[in-house]
Each structure stands twice: as structure tokens, then as C-alpha cells.
Undergrad: 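Take a look at this one; I'll ask things after.
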Amino acid sequence: MEEKQPKKVLSEQERLELAAQLDKDLDAFISSLEKKRYTEGWPEDRWEEEMAKHPFFMQKSPEPGEELSPLMEGLQQLKYDPQENTEQELADTYKEDGKFYMQHRKFRMAVLSYTEALRYKVGDAAYKAILYNNRSAANYMLKNYRTSLQDAQKALELNPDYDKARWRAAQCASALDRFELCVELCDTILQRDPTNTAAVEMRKACLAKKATQQRDSRKEARQEREKQERWDRLVTELKKRMVKFEERKALDDERFLRPRLAPLEDFMVSCDENGVLSWPVVFCYPEFQTTDFQQQLLETTTMQDVLEQLFEEPLECDKAGLYRAKKVNVYYENRILGLAYLVDKSKTIREIVAERTFVAFQGTLTFYILVKGSKQEESFITQTRIPLKIEY
């Protein structure tokens, strides 16, 4: 029998040297291994974003068209797969989606969800009525009142005792100013629940709004009738005077009678109840290249009276003080013939407009004022052919 050798006892120094050698060998072994970077984890700067995509941690449902993680895509296929779910289960799924979107005020998504739920053939009329009423609520929040009303009425067809749908229909009818329908729905609600104060107030408000609208409609109709009467009276008087306009349709469409100059655009020629016309008039001063405006000049006024009023205060640009009623001549221009005509200042506006050569332009009367015998008058006469110059 072989004799066992006695076990060697290491000194403290030897144990330290052995431990150091083992550490050195381990480091060498690790260094010799293939270095490979781990790429399967979440990026440090986007870990919260990546985590939110995981179905167990996400805080909101994916938006339509949004890229889904493979796990989420699989769960959705399982959730909406017609081979894995009955039609009732699919309808319930979309109904719950609609409820979720309503709670988060995503009303368009809620409409889509309830619409999808209604595609499935579920035999329970009361269940379908709930879907129609829920879609009505979503459309109401989107202010699609007509669509909302249609859905609420469909819900009532399926379930005549559906009070929520009846109230929603009444709200839509009120918003659409369908007063008779709103009152009818409120009456039915109050027959079933006389203590419904909301229906009482809506009925009262609806009747008041109807009365106001009827009053406004009568007022609008009366104003339209009076406007037509004024137009007919004006056309009659213009035809009686045989007033001529550059615009051929001036007596067929009032747009051709409306002045286009800003100071006059709100003052179309008008006729009072006595058949007297008031004209918008432009007075031009070629010497100063400036104008005066008369917004409503009575046709019974003489040109002399007009000039007295114009020059009651001296023109700011008339430093020489030459523009006075007796010192000026007045002309009008026939743009069709390219001729200017001297005005008899003793005539009324009506008499001047009635002259065979007078033609109104854009519903406006235009006159040119120049100092008698001045160089400016001579230049004006030279530039515009004056068929006959008569001193009045």
C-alpha cells in the first residue's frame, strides 16, 4: 500500500501570490473572448419611447396608420380577426373602442368605431339602438346636428322607450331650428316625466326662438317688399325722364346704378314717395385736379344754387379767390361722343339730365367747374371738343 504524501501547507505569502495569478489568468481569459456589442436592447436615449410602444405599458391607443410593434400587431389581429371572434364579439370590441374615444374626446374616432360596430349583424334591436345613440352623441359633439338627429331617430325606431335618444333628438332639433319637431319631442318627454325641467326649459326656449324667427321673417319680407317697391318707383321715374346711361342694363340691375367712387358707393340714385330723384354727384376742378362730392343732390335744385352752396366757404386750393358762383362755368362730358357741353346754370339738375346729350356713367352725375375766361378753361375747351359755347 502506497503511503500518502503529507498535504503541503501554504504560507500566507504563497496564498497571496496564487490569488494574484488566478486573477491574472481570468483577465486573460475574458480578454481572449470575441468582443460583440449587444444590440437587442432599447436605446438609452429613447427607452421611454420604446417602452411606450409595448402593449403592456402604452398609455394611449395607436393612431390610424401608425406603425405597430409586432406584438401589438398580433394582438390587434387577434382582437379584430373575424375568424377568431363572433360578430357580436367584434361589435362589442368596436363599441368599447368608441367608448374609449368618447372618454378621451376623440369624437371622429368614436364615430368611426360605432360605425364599424353597426356593420355587424347583431339581432338585439336594443343593442343596435345604443350604438346609434352613441354615434349620435359623437356627431353632436362634432356639431354634425343633422347626422346626429338621424342617428337618434334611428335609435328611437329600434327602441321607442329610449329616453336618452329622445333627448338627444330634441337637442339636435333645437340646434337645427326645427321647432315643431323639438316641441313634439319635448312634449313626449314630459308625458313620460313631467318633472323633467330640462325639457320644460328647452320647450319654452324653442317656442320663444320660433316666435322671434317668425317676427324676423315677417320683417325681412316687408323690407324686401318695400325695397322692390322703391326700385320699381325709381325705374318708373327714370324711364319717365328718359335718362340715358352708358350701361345698357342700368334699369334692369341695380348693380349698374351703384356708384363706384368710395365717397358715393352707398348713395345710389333714389326716388322718394313723391317721385323726386336724389343723385350722387361729382364736381371736378381741372385746375386743381381735385373734386367735391354731393351724395344726395335733389333734382329740383338749380345749378346756380348748387354753386352757391359749394362756394359758400372759399376752396382751400383757391388762393386767388376766383371760384365764385357767378365767375365760373360748368360743363358735362358725353363720353360716348367725346364731347363736352356747357351747362345753363339756371336749369335744375332734372332739366340738365334730361338734355339729349347728357349721359350718366355708373349711376353718377359728373360736372367740371372752371373760371370763366381762364387759361384753364381755354385748355379744357381745347382738349375736349365743345360743339357750341354759349355764355349764360
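The analysis underlying the following values was restricted to heavy atoms, covering all of them including side chains, and did not include hydrogens, waters or symmetry mates.
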Undergrad: With a 3.5 Å cut-off and no angle check, do the side chains of D292 and Y285 form a donor-acceptor pair?
TA: yes

Undergrad: Which distance, rounded to the nearest 0.5 Å, do you find between the CD of E247 and the NZ of K249?
TA: 12.0 Å

Undergrad: Would you call the rings of F367 and Y332 parallel, tilted or perpendicular, where under 30° means parallel and over 60° means perpendicular?
TA: perpendicular

Undergrad: Between Y140 and Y145, does the ring centre distance come in under 6.0 Å?
TA: yes

Undergrad: State the CG-CZ distance between L238 and F245, to the nearest 0.5 angstrom.
TA: 4.5 Å

Undergrad: Quick test of your reading of the model: are E273 and R233 salt-bridged, counting only N-O distances below 4.0 Å?
TA: no

Undergrad: Would you say M303 ends up clustered with F358 if hydrophobic residues are merged whenever their side chains have heavy atoms under 4.5 Å apart, either directly or through other cluster members?
TA: yes

Undergrad: Mind checking the CD-CG spacing from Q294 to L310? Nearest 0.5 Å is all I need.
TA: 6.0 Å

Undergrad: Is any side-chain N of the basic residue among E224 and K227 closer than 4.0 Å to the acidic one's carboxylate O?
TA: no

Undergrad: If I take atom CH2 from residue W231 and atom CD from residue Q228, how far apart are they, to the nearest 0.5 angstrom?
TA: 9.0 Å

Undergrad: Can you confirm if the aromatic rings of Y132 and Y127 lie within a centre distance of less than 6.0 Å?
TA: no

Undergrad: Could you walk me through whether L298 and I349 pass side-chain contact (heavy atoms from CB on, under 4.5 Å), step by step?
TA: CA-CA 8 Å; L298 285 173; I349 298 299; over 6 Å; no

Undergrad: Do you know which two heavy atoms are closest between M268 and L257, and how far apart they sit?
TA: CG-O, 3.3 Å

Undergrad: What is the distance from atom OG of S113 to atom OH of Y101, rounded to the nearest 0.5 Å?
TA: 5.5 Å

Undergrad: Taking P259 as the fixed residue, which of V269, L264, V281, V282 is the one that meets the side chain to side chain contact (heavy atoms under 4.5 Å, CB included) rule?
TA: L264

Undergrad: Hydrophobic cluster membership, with links at side-chain heavy-atom distances under 4.5 Å among I/L/V/M/F/W/Y: are V328 and L315 in one?
TA: yes

Undergrad: Is it the case that more than 12 heavy atoms not belonging to K244 sit under 6.0 Å from its NZ atom?
TA: yes

Undergrad: Cut-off 3.5 Å, side chains only: do D305 and T302 have a donor facing an acceptor?
TA: yes

Undergrad: Please determine, by modelled atom types, if E377 and Y331 share a side-chain donor-acceptor pair under 3.5 angstrom.
TA: yes

Undergrad: Please answer whether the main-chain N or O of Q362 pairs with a side-chain N or O of T364 as donor and acceptor at a distance below 3.5 Å.
TA: yes

Undergrad: Would you mind telling me which of L370, L342, I381 makes a side chain to side chain contact (heavy atoms under 4.5 Å, CB included) with N329?
TA: L342

Undergrad: State whether a side-chain donor-acceptor pair under 3.5 Å links T188 with E184.
TA: no

Undergrad: What distance separates L322 CG from E287 CD, expressed to the nearest 0.5 Å?
TA: 7.5 Å

Undergrad: Is any side-chain heavy atom of Y368 less than 4.5 Å from a side-chain heavy atom of F380?
TA: yes

